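Here is the structure we will look at.
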Amino acid sequence: VTDYQRIVENNLHQKNYALASDYLKQMKALYSDNELYYLCRLDYLASLGRGEDIKQLRKEVETKQIYLSSATKGVLAFWES
């Protein structure tokens with residue numbers, strides 16, 4: 001999962017959003033219950049300025065009851081406001 005995270009981060013840094021999206025889809029298929037997937041997806045949505053989608057992502061995390069570390073909870077709390 002960390003390899004996918006690095007790939008997505010690199011593609012976002014290079015502003016290659018289409019490729020980042022493709023890797024996020026692969027990541028979702030393999031690690032849909034992993035908090036790193038949701039962090040990567042959050043970074044992707046933030047990079048695109050998609051605030052409404054970020055709100056939907058937060059709701060999705062809450063309904064799926066994904067385990068979140070305190071660091072991830074802090075990141076999601078930042079986007080709550």
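Everything numeric in this text was worked out from a predicted model, so none of it was measured.
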Going by atom type alone, with no hydrogens or angles, which donor-acceptor pairs under 3.5 Å involve a side-chain atom of residues 52-60 and a protein atom two or more places apart or on another chain?
unit_1: Asp53; atom_1: OD2; unit_2: Arg50; atom_2: NE; d: 2.6
unit_1: Asp53; atom_1: OD2; unit_2: Arg50; atom_2: NH2; d: 2.7
unit_1: Glu60; atom_1: OE1; unit_2: Arg41; atom_2: NH1; d: 3.2
unit_1: Glu60; atom_1: OE1; unit_2: Arg41; atom_2: NH2; d: 3.2
unit_1: Glu60; atom_1: OE2; unit_2: Tyr38; atom_2: OH; d: 3.4
unit_1: Glu60; atom_1: OE2; unit_2: Arg41; atom_2: NH1; d: 3.3

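The list of side-chain hydrogen bond (donor to acceptor under 3.5 Å, both in side chains) pairs with a residue in residues 13-30, not counting sequence neighbours, reads Tyr4-Gln26. Contacts classified as salt bridge (charged side-chain N to carboxylate O under 4.0 Å, His left out) and involving residues 1-12 (residues at least two apart or in different chains) are given here: Asp3-Arg6.
Interatomic distance, Asn11 CG to Leu19 CG, rounded to the nearest 0.5 Å: 4.0 Å. From Glu35, atom CD reaches atom CG of Leu42 across 12.0 Å, with rounding to the nearest 0.5 Å.
Phe78 and Leu45 fall within the same hydrophobic cluster, where Ile, Leu, Val, Met, Phe, Trp and Tyr residues are linked whenever their side-chain heavy atoms come under 4.5 Å apart, directly or through other members.
Residues passing the side-chain hydrogen bond (donor to acceptor under 3.5 Å, both in side chains) test with Ser32: none are found, sequence neighbours excluded. Applying the side-chain contact (heavy atoms from CB on, under 4.5 Å) test to Asn34 and every residue at least two apart in sequence or in another chain returns Val1, Tyr31, Leu36.
Shortest non-hydrogen contact noted between Cys40 and Met27 is SG-CE, 3.8 Å.
Although no hydrogens or angles enter the test, the distance criterion places no donor-acceptor pair under 3.5 Å between the side chain of Thr72 and the main chain of Leu68.
Using a 4.5 Å heavy-atom cutoff, the side chains of Asp43 and Val8 are not in contact.
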